[in-house]
Amino acid sequence: MTTQHSIAEARQKLPTLVRNAENGAAIELTRRGRPVAVLIGQREFVRLTSGGTRFSEAWRRFVQNADLAELALDPGELFREARPKYTGRDVHL
């Protein structure tokens with residue numbers, strides 16, 4: 001849940017806004033009506049900055065630990081529903 005407050009308003013309500021951020025809210029701070037900063041809780045900050053595992057590393061570990069033959073994954077079947085069946089739009093040049 002994101003709420004928006006001017007910096008002047010945030011000064012007056014800082015303890016409440018900090019409590020809300022601690023509870024998971026993101027508070028957008030504005031200056032002259034334009035967003036300039038976001039107040040978030042410590043847990044969310046750590047989650048965003050922890051530098052999670054890159055996809056390539058996660059895939060490498062998965063391939064090392066999984067018996068792909070046993071999984072019998074057929075990419076053609078697995079992703080059949082991932083894209084619409086139509087071929088796209090007609091373009092006349």
(request) Could you pull out all residues at least two apart from Arg47 that satisfy side chain to side chain donor-acceptor pair (under 3.5 Å)? (result)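 Counting only residues at least two positions away or on another chain, Arg47 forms a side chain to side chain donor-acceptor pair (under 3.5 Å) with Glu44.
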Measuring from atom [atom1] of [X] to atom [atom2] of [Y], what distance do you get when rounded to the nearest 0.5 angstrom?
X: Leu14; Y: Glu9; atom1: CG; atom2: CD; result: 12.0 Å
X: Gln12; Y: Ser6; atom1: CD; atom2: OG; result: 8.0 Å
X: Thr2; Y: Ile40; atom1: OG1; atom2: CD1; result: 10.5 Å

(message) Heavy-atom count check: over 12 atoms from other residues, nucleotides or ligands less than 6.0 Å from Arg60 CZ?
(response)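 Count over threshold, so yes.
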(request) Inspect the surroundings of CD in Glu70 and state if more than 12 heavy atoms from other residues, nucleotides or ligands are less than 6.0 Å away. (result)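 Not buried by this count: 12 neighbours or fewer within 6.0 Å.
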(request) Any ring-ring contact (aromatic ring centres under 6.0 Å, His included) involving residues 29-65? Give me the pairs, sequence neighbours left out, ordered by first then second residue. (result)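 The answer is Trp59-Phe62.
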pair [X]-[Y]: side-chain heavy atoms closer than 4.5 Å:
X: Val36; Y: Ile7; result: yes
X: Thr3; Y: His5; result: yes
X: Ile27; Y: Val18; result: no

(message) One pair to check against side chain to side chain contact (heavy atoms under 4.5 Å, CB included): Arg32 and Thr30. What are the steps and the verdict?
(response) CA-CA 6 Å; Arg32 295 184 190 95; Thr30 63; over 6 Å; no
(request) Please name the pair of heavy atoms, one in Glu28 and one in Gln4, separated by the smallest distance, quoted to 0.1 Å. (result)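 Minimum heavy-atom contact is OE1-NE2, 2.6 Å.
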(message) I need the minimum non-hydrogen distance between Ala58 and Thr53, along with the two atoms involved.
(response)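 Of all heavy-atom pairs spanning Ala58 and Thr53, the closest is N-CG2, 3.7 Å.
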